[in-house]
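Encoded as structure tokens, the structure appears first; notes follow it.
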Amino acid sequence: MRRKIVAGNWKMNLTLKEAKELSESLAQNINSNTTATDVILCTPFVFLPQTMEIVKNTSIKVGAQNCSRFAQGAYTGEVSAKMLQSVGVNYVIIGHSERREYFNESSLQITGKIKQALAHEITPIFCCGEPLQERTSNTHIDFVTQQLNEVFSSLTPEEIAKLIIAYEPIWAIGTGETASPEQAQEMHATIRKILVNYLDEDAAQKISILYGGSVKGSNAKELFANQDIDGGLVGGASLDPEDFLKIIGSF
Ligand code: PGA
């Protein structure tokens, strides 16, 4: 059985006080029956220790949204995987389309970040997904296949087996437009097929593949009902405790 996962990506939102209120609300209202689902809050770096303290007696886990591809040293402004490990972080989002677009992150850099995270026992949530023009010209499968191959070809099977993958079509992120369950399932099945080129069938079947892009309480159930959709990476709706809890309860 694959793990069901709902990860919240807070992005660059909230103040310390607002982050406290949101995590307290989730910690108080998370249903202990949802232990079959991993719930991960990916917060800005500065909120990580506070969030971990607030959720420590619950099943909620905490992740970061980025880490450095360098181990340590003179890299002003960077946060290393070792630092994240030292505060107890277990997950990190890597290769989000916003980082690829606004910070020019390449597959080479993304691979370095994944290796740093894994070397420090942090599970990467590795993101892929096509822009609108690839979808409308029907080249979305080729585009995502290339994104994955560029990274997987530099990882060992053992490293790939430890990833969580998030498929996030860029045209669906923050737009209110969601991929249809059929569109998402098609890509998730493709991603699993690509995994079989690197791993044995059994290991490929164990990897959780999350869908991201305008997931809400109102559409999560029909997305999560698909065979290869193992949960969601949730942006906007993860800032609303009521809607986020509804998504968590949508399996
Ligand atoms: P969204 O963001 O849910 O606001 O579309 C998802 C993401 O970018 O991870």
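Atoms within a ligand are numbered from 1 in the order they appear, just like the ligands themselves.
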(message) I'd like to know if Asp243 pairs up with Lys216 as an ion pair, taking the criterion as any Lys NZ or Arg NE/NH1/NH2 lying under 4.0 Å from an Asp or Glu carboxylate oxygen.
(response) no

(message) Closer than 4.0 Å to some heavy atom of Leu233 - which atoms of ligand 1 meet that?
(response) 6 (C), 9 (O)

(message) Can you confirm, on distance only, whether ligand 1 has an N/O atom lying under 3.5 Å from any N/O atom belonging to Gly174?
(response) yes

(message) Heavy-atom contact check, 4.0 Å cutoff: does Lys216 meet ligand 1?
(response) no

(message) Test of understanding: given a 4.0 Å heavy-atom threshold, classify the contact between Ala172 and ligand 1 as side chain, backbone, both, or neither.
(response) backbone

(request) Give a yes or no on whether a salt bridge exists between Glu105 and Lys113, defined as a side-chain N under 4.0 angstrom from a carboxylate O. (result) yes

(request) Determine whether any heavy atom of Gly212 lies closer than 4.0 Å to an atom of ligand 1. (result) no

(message) Given Glu168, Lys11, Glu98, identify the one with the heavy atom nearest to atom 9 (O) of ligand 1.
(response) Glu168

(request) Could you tell me the residue and atom name of the protein heavy atom closest to atom 4 (O) of ligand 1, and the distance to it rounded to 0.1 Å? (result) Gly236 N, 2.8 Å

(message) Just to be sure I read this right, does ligand 1 sit under 4.0 Å from the backbone of Asn9, its side chain, both, or neither, counting only heavy atoms?
(response) side chain

(request) Note the single closest protein heavy atom to atom 3 (O) of ligand 1, along with its residue, its atom name and the distance in Å. (result) Gly235 N, 2.8 Å

(message) Tell me which one of His140, Arg135, Gln146 satisfies side-chain hydrogen bond (donor to acceptor under 3.5 Å, both in side chains) with Glu130.
(response) Arg135

(request) Please verify whether a non-hydrogen atom of Gly213 lies at under 4.0 Å from ligand 1. (result) yes

(request) Answer yes when Asp240 and Lys246 have at least one side-chain N-carboxylate O distance shorter than 4.0 Å, and no when they do not. (result) no

(message) Between Lys20 and Glu24 (salt bridge meaning N to carboxylate O under 4.0 Å), is one present in this structure?
(response) yes

(request) Output the list of atoms in ligand 1 that are nearer than 4.0 Å to some heavy atom of His96, sorted by atom number. (result) 7 (C), 8 (O), 9 (O)

(request) Would you check, one step at a time, whether the test side-chain hydrogen bond (donor to acceptor under 3.5 Å, both in side chains) holds for Gln183 with Tyr211? (result) CA-CA 11 Å; Gln183 287 173 321; Tyr211 168 79; over 6 Å; no

(message) Within the 4.5 Å heavy-atom criterion, are Val92 and Ile125 side-chain neighbours or not?
(response) no

(message) Show the atoms of ligand 1 that are less than 4.0 angstrom away from any heavy atom in Ser214.
(response) 1 (P), 3 (O), 5 (O)

(request) Mind checking the CZ-CZ spacing from Phe224 to Phe251? Nearest 0.5 Å is all I need. (result) 4.5 Å

